[in-house]
*Asks:* 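Quick one: the structure is below, and I'll ask about it shortly.
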Amino acid sequence: MKSAVIVFPGSNCDRDVFTVMQAQGLNPVYAWHGDAALPDDLDLVVLPGGFSYGDYLRCGAMAARSPIMRDVIAYANKGGHVLGICNGFQILTESGLLPGTLMRNDHLKFNCMPTTLRVEANDSAFTGGYGKGQIITLPVAHAEGNYFADDDTLKALNDNAQVALRYVDDAGKPSARGNPNGTRENIAGITNKAKNVLGLMPHPERFSDAALGGTDGAPMFQSLLARLN
């Protein structure tokens, strides 16, 4: 198993996710955004959370045009697995690897808090460690996590079971009360149709060790190890 964490200017969760991946046996290496190509023989590429390019212009837009993203896109289109967390999710939509976009939170405030999520699909290498319908807790930390897609795109996401995670309330329902940012249909994470690319706003790396306050993020990395090793 060999994986890579892409470091963009302004990334601030690259070391966090690297440490968790290392502890879970995913053998990560760092790759710089300005590199022309990914390291050889990768099983997984991770675009970490943070504030690439300071979150100026539009989140993820500049990072999506980094030199290394040409190789990330080619890698994903050949079936390679790519995980984008928070800012990484924004980069995936800006690069065209996932549909839709991430807008400012509807309340125009920064969110930093635990969220309750329901696992909607567990048939990917990312979510295979969870039960379908399982309720989990993962923290969010973003100002632009309001997922938007048009009606036709949402229908396709639902028809193809590409919605991986939804925000839910204490009753496990995807209500407005459980929605932290105004995202359409309470969507917290989606895959591409082939299910080798996942983007999600919550941070699994921040809840992957009991010392951090929770372990609900650990099954995502354990599932990747089991499926891709």
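Here the structure is a predicted model, which is why all the values come from computation and not from measurement.
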*Asks:* Using a 3.5 Å distance criterion without hydrogens, assess whether the side chain of Asn111 forms a donor-acceptor pair with backbone atoms of Pro180.
*Replies:*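 Answer holds: yes.
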*Asks:* Could you check whether any side-chain heavy atom of Leu97 comes within less than 4.5 Å of a side-chain heavy atom of Asn77, counting everything from C-beta outward?
*Replies:* yes
*Asks:* If only atom types and distance count, is the side chain of Lys193 paired as donor or acceptor with the main-chain N or O of Ala156 below 3.5 Å?
*Replies:*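 Judged by distance alone, no pair lies under 3.5 Å.
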*Asks:* Run through Val82, Leu38, Asp35 and flag the one making a side-chain contact (heavy atoms from CB on, under 4.5 Å) with Ile6.
*Replies:* Leu38
*Asks:* Which word best sums up how the rings of Phe51 and Phe110 line up, parallel for under 30°, tilted for 30 to 60°, or perpendicular for over 60°?
*Replies:*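 If you compare the ring of Phe51 with that of Phe110, the planes turn out tilted.
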*Asks:* Grab the two heavy atoms, one from Ala121 and one from Ala161, that are nearest each other, plus how far apart they are.
*Replies:*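 Heavy atoms only, the tightest pair is CB-O, 3.7 Å.
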*Asks:* How about Phe89 and His142: do any of their side-chain heavy atoms sit closer than 4.5 Å?
*Replies:*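 No; the side chains remain at least 4.5 Å from each other.
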*Asks:* Under a single-linkage definition using a 4.5 Å side-chain heavy-atom cutoff for Ile, Leu, Val, Met, Phe, Trp and Tyr, are Leu228 and Leu198 assigned to the same hydrophobic cluster?
*Replies:*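 Linked within one cluster.
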*Asks:* Taking the side chain as C-beta and beyond, is there a heavy-atom pair between Val20 and Asp16 under 4.5 Å?
*Replies:* no
*Asks:* How close do Pro202 and Thr115 get, counting heavy atoms only, and between which atoms?
*Replies:*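 Minimum heavy-atom separation between Pro202 and Thr115: CG-OG1, 4.4 Å.
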*Asks:* Quick one about Asn158 and Glu185 (side-chain donor to acceptor, distance below 3.5 Å, no hydrogens or angles considered), yes or no?
*Replies:*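 Indeed, the side chains of Glu185 and Asn158 share at least one donor-acceptor pair under 3.5 Å.
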*Asks:* Is any side-chain heavy atom of Arg166 closer than 4.5 Å to one of Ile187?
*Replies:* yes
*Asks:* A side-chain contact here means heavy atoms from C-beta on lying under 4.5 Å apart; do Phe207 and Met220 qualify?
*Replies:*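 Not touching, per the 4.5 Å side-chain cut-off.
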*Asks:* Of all heavy-atom pairs between Met201 and Glu144, which one has the smallest distance, and what is that distance?
*Replies:*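 Met201 and Glu144 have their closest heavy atoms at CE-O, 3.8 Å.
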*Asks:* Parallel under 30°, tilted from 30 to 60°, perpendicular over 60°: which one fits the rings of Phe18 and Tyr30?
*Replies:*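 Ring orientation of Phe18 relative to Tyr30: parallel.
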*Asks:* Just checking, is any N or O donor in the side chain of Glu205 or His203 under 3.5 Å from an acceptor N or O on the other one?
*Replies:* yes
*Asks:* Which heavy atom of Ser124 sits nearest a heavy atom of Arg227, and at what distance?
*Replies:* O-NH1, 3.3 Å
*Asks:* Flag the pair Val140 / Met113 as yes when at least one side-chain heavy-atom distance between them is below 4.5 Å, and no otherwise.
*Replies:*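 Answer yes - side chains close enough.
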